Amino acid sequence: MPIVPFDTSMIAAISAELLLLLLAGVILAVDMIWGSKQKDHLGWITAGGLLFILLISLIFTRPEPVERLIFGGMLRQDWLTFTFRLIFLFAAAITSLLSINLKGITGRGEYYALLVVTTLGMSLMAASADLIMLYLAIETTSIPLYILAGFMKSDDKSTESGIKYFLFGALTSTVMLYGFSLLYGFSGETNLYLLSERLTGGEISIWVLGGAALLVLVGFSFKVSAVPFHFWSPDVYEGAPTPITAYISTASKAAGFAVLVRVMITVFPEISLYWTSILAVVATATMTVGNMVALAQKNIKRLLAYSSIAHAGYALIGLVAFSELGIASLLFYLAAYVVTNLAAFAIVVFFANTVGSDEIADYAGLSRRSPGLAFAMLIAFLSLAGMPPLAGFVAKFYVFAAAVESGLIWLAFVGVLNAIIGLYYYMTVLKVVYLYRSDDDEVPIAVSRPAAIALGVSVIAVLGIGIASGPWLGWALDTASSLF
Amino acid sequence: MNFPNFPVLSIIVFTPIVSGMLILLIPADRIKLIRRAALSAATLALALSVWIFISYDQAAGGYQFIEQADWIPRLGISYHLGVNGMSLPLVLLTGIVIFTGVLISWGIDDRPREFFAFLFILATGVFGVFVSLDLFVLFFFYEIAVFPMYLLIAIWGWKKTREYAAMKLTLYLFIGSMIALVGGLAMYFESGMQSFDLLQLEKAGFSSSFQVFWFPFVFFGFAVLAGIFPIHNWSPDGHVAAPTAVSMFHAGVLMKLGAFSALRVGIMLLPEGAKFWAPLIIVLATVNVVYGALIASVQTDFKYVIGFSSVSHMGLVLLGFATLNKDGLMGAGLQMFSHGVMTALFFAVVGLVYDRAHTREIPRLGGFRKVMPLAALAFIIGGLVSMGMPGFSGFIAEFPILLGLWKAQPLVAIITVLGIVITAAYIMRVIRGVFFGDMPQEFEGHIAPIKIQDKVALVMLSGLLILIGVVPAVIAPLISSGADAVMRLVGGI
């Protein structure tokens, strides 16, 4: 694939990234000028700005009919980039809405600025077509996330979360970087597409290439929290401020999948049998470990952490299938999972804000306290469990369909059995919400306006993607076909 | 009277869920309004089901009231609905049970909004499965029908076992449906037709080995919900733990959902597989009939007796399927309808007795005919249906099943008749124990008479059982045409 020489239309292609940078600057500037009272509006500015950028990128960054490498081959303008960018922007906007009115966060300019920068990093991750660019983008994403996870300085758990995230992240990123250096050493290229041309032709032993692939997979597996690189996620999820947990579990994971899909399919198509077999095992382990350990959780954030590990496993099935439908189902799964998990975490944010607890047992009586909130939780959790008419059902349906299409019947059955374990623990939470009583039955849960908007949008998205999945699947299929 | 392009099936399917969502918007303290809204919605659903039942053109046969629209075109999934002789009676049955269920649930005062909303979501799922002509649509609605059950039982059920029973039931059904789902996907890709349309897949001509391999996944995956032995034991627990209306719905309609889907997807799409596995199904279903009846006869809990009788009677439906001949299939179709009405009636009466006596131990009950004569009469009618007495719908249904079975496996027919004899024994024991004899001291003067809503429900259900028994022509020819459709695929015509 040739590298297109610079022209001005490329500026439009990265308009979203430029605007994100601008937004981060604006937030920091405003933060310095405004008094502490006005700073409560920073969250609105961030959310509004992200929404605006979402619209702009929807209109101006649509890929050209033919995919192209831009900016000297650093970025690739294609449907994958476009789709993931929208997912990140959506998740970031919801996250900033959820952060408004939270103690210790609201009015802190650096919090929002970091959130915007990490979104910028993710967007570049999805677009990167060069090893150097890819690594920079991953670090641009990760470093602000480490800080955000440990943002509550006075809270031990949050600090622990930040440090743990950093240590695990730094380690796996080193291993990945070593893999990158091997790839460069073999091919003399850093551009993914040129690199893959050099690597094909069988000059390089499959074992060496496979080794490099394995090292690279370590880094990506950390990002998507696949077993055995998942140990960080429960602790980080539990300690981080809840909106950040929501963001790490959705957008950051999706970004990991974006690079995973692009690199594996672009650089290693020759040894696809090798890495799909590895990933099939990883997917099985990820689903099973995530679901099994989730069964024993007493804390809702830890439960959602393990459930998010399991969901990474389901999504991996799409990549293992290694077909257009497979990649499309993965994209669809991620979109469905992102909106669903945002809705689930939105409820956790409200609840902790009023009750001050993340223990599942304290959710007793929620359906009497706030029937509407309980119903939203029902929708979110059932979507996670894969029940129609919600997004999670069709997402699982497509993923299993992709597995069956590629002849991976056993993997489809593994997924099915895991879905049942999943249903069990989601139902246990819903049981507490609907069945048990608490002493505070009469005290409703306070829901602030921005958070209500965030929850409402997510729930509508869960229903919308679930019922009218046709156009979304079409989009995902188009995106997938731009990769092969 | 038939308006083309009028989406009557969609209206039937979505009336419950839409009204359920509207009911959720009513303020929680306006309980009367909530009940009335629920009743109006159920009435509408019933009226429309009766209307399509009457206006279905029997001479023309086949699928009617067809609606088709693209849903997920890239995978060949379309929103395709239609009813034929097999599914139409089940749509009517659902209408009847949802209507009588709402009447019976008049007294629910713990969060009635949520109760009716979940019950109606369930109803939408059930209607949807019966009218779907697309495999994806079928699974979509099937799963919708599974989940609300959990909350209905866990929240409003019998305190002692509700959490356990609700979880067990939901997991069993979900496992079954997900396994069947993989089978459905395998069919889709094997056919290579890029279509989930059931009418297309019927013509796919799957190879024998494919059919033999996948049939058990699909058939038994669905048959979990029909209560086939040995994966039936979620069902009595579930029936007993559920609140009255949910037991009615569950045993009356939901188990038919499993049987119907097993027939529609398993037998009709994989007929060769069905032929291969039929002997096993016959054995298991015979165990259902005899074992279910035996277990029912030693229960002392009134509701467990009925719960196990459902297992026994659903065995007859599955036996009818497994004969793979015209008589058996027609009998199975009739039995699905007849048992649905009968068991709804049983559970309604059990609920009425339990609400007043607060116990279901048969030895501690007695003499209830004095305080609720109508309920006693209704239960006796149900009992006569249950033992297959001529003049009642049970006979009309069980006779063809046994006829078909005699043609297929004479020995099994004899064993099955044994099960029916045991049924007669335990039904009569229950009638004597609960409704006749002397009323225990503790109940004298404490038992309130039954309400008008309950009377309407009981009269409606028992009247229907007699109507079909006396004039089978109201439903038999219709089901016969549905059985013909199956036979064309199985290759008996």
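Nothing here was measured: the structure is a model prediction, and the numbers come from that model. Side-chain atoms are counted along with the backbone in the values below, which use heavy atoms only and exclude waters and symmetry mates. Just so we're on the same page: letters track the sequence lines, and every chain starts at 1.
Highest contact tally toward chain B, considering only A:S469, A:P371, A:P389, A:G474, is held by A:P389 [criterion: heavy-atom pairs under 4.5 Å]. Interface check for chain A: of the options B:F217, B:W156, B:F140, B:Y142, the most heavy-atom pairs under 4.5 Å are formed by B:F140. Contact count versus chain B (heavy atoms, under 4.5 Å) is highest, among A:P388, A:G386, A:G470, for A:P388. Of the listed residues A:L378, A:L417, A:L382, A:L473, the one with more heavy-atom pairs under 4.5 angstrom with chain B than any other is A:L382.
Around atom CH2 of A:W472, no more than 12 heavy atoms belonging to other residues, nucleotides or ligands sit under 6.0 Å away. Enclosure of atom CG in B:L25 by more than 12 non-hydrogen atoms of other residues, nucleotides or ligands within 6.0 angstrom is indicated.
Only the side chain of B:L24 comes within contact range of chain A, with at least one heavy atom under 4.5 Å from a heavy atom of that chain. Contacts of B:I175 with chain A are made by both backbone and side-chain atoms, with heavy-atom separations under 4.5 Å. Contacts of A:A385 with chain B are made by backbone atoms alone, with heavy-atom separations under 4.5 Å and no side-chain atom involved. Residue B:L151 touches chain A through its side chain alone, counting heavy-atom pairs closer than 4.5 Å. Of the atoms belonging to B:F118, it is side-chain heavy atoms, and not backbone ones, that fall under 4.5 Å from chain A.
A:F413 and B:W214 have parallel rings, their planes meeting at less than 30° on a 0 to 90° scale where 60° marks the start of perpendicular.
The line from OG of A:S367 to CD of B:E114 is 6.0 Å long, rounded to the nearest 0.5 Å. Interatomic distance, B:R74 CZ to A:L477 CG, rounded to the nearest 0.5 Å: 4.5 Å. Interatomic distance, CH2 of B:W71 versus CD1 of A:I467, reported as 8.0 Å (0.5 Å rounding). Distance OH/B:Y150 to NZ/A:K431: 4.5 Å, rounded to 0.5 Å. From A:L435, atom CG reaches atom CZ of B:R162 across 5.0 Å, with rounding to the nearest 0.5 Å. The CZ atom of A:F393 lies 5.0 Å from the CZ atom of B:F136; values are rounded to the nearest 0.5 Å.
Closest heavy-atom contact between A:Y434 and B:R111: O-NH1, 2.9 Å. In terms of heavy atoms, A:M387 sits closest to B:E143 at SD-O, 3.9 Å. When all heavy atoms of A:I420 and B:L171 are compared, the closest pair comes out as O-CD2, 3.8 Å.
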Using the side chain to side chain contact (heavy atoms under 4.5 Å, CB included) rule, take A:Y424 and B:T170 through it: C-alpha gap first, then chi angles, then the decisive distance, then the call.
-> CA-CA 9 Å; A:Y424 177 82; B:T170 316; over 6 Å; no

Taking it one step at a time, do A:F375 and B:M21 satisfy side chain to side chain contact (heavy atoms under 4.5 Å, CB included)?
-> CA-CA 11 Å; A:F375 198 67; B:M21 294 302 117; 3.9 Å; yes

Apply the test side chain to side chain contact (heavy atoms under 4.5 Å, CB included) to residues A:V404 and B:M187: give CA-CA distance (whole Å), side-chain angles for both, the deciding distance (0.1 Å), then the verdict.
-> CA-CA 10 Å; A:V404 173; B:M187 280 189 233; over 6 Å; no

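Aromatic ring centres of B:Y188 and A:F397: separated by at least 6.0 Å.
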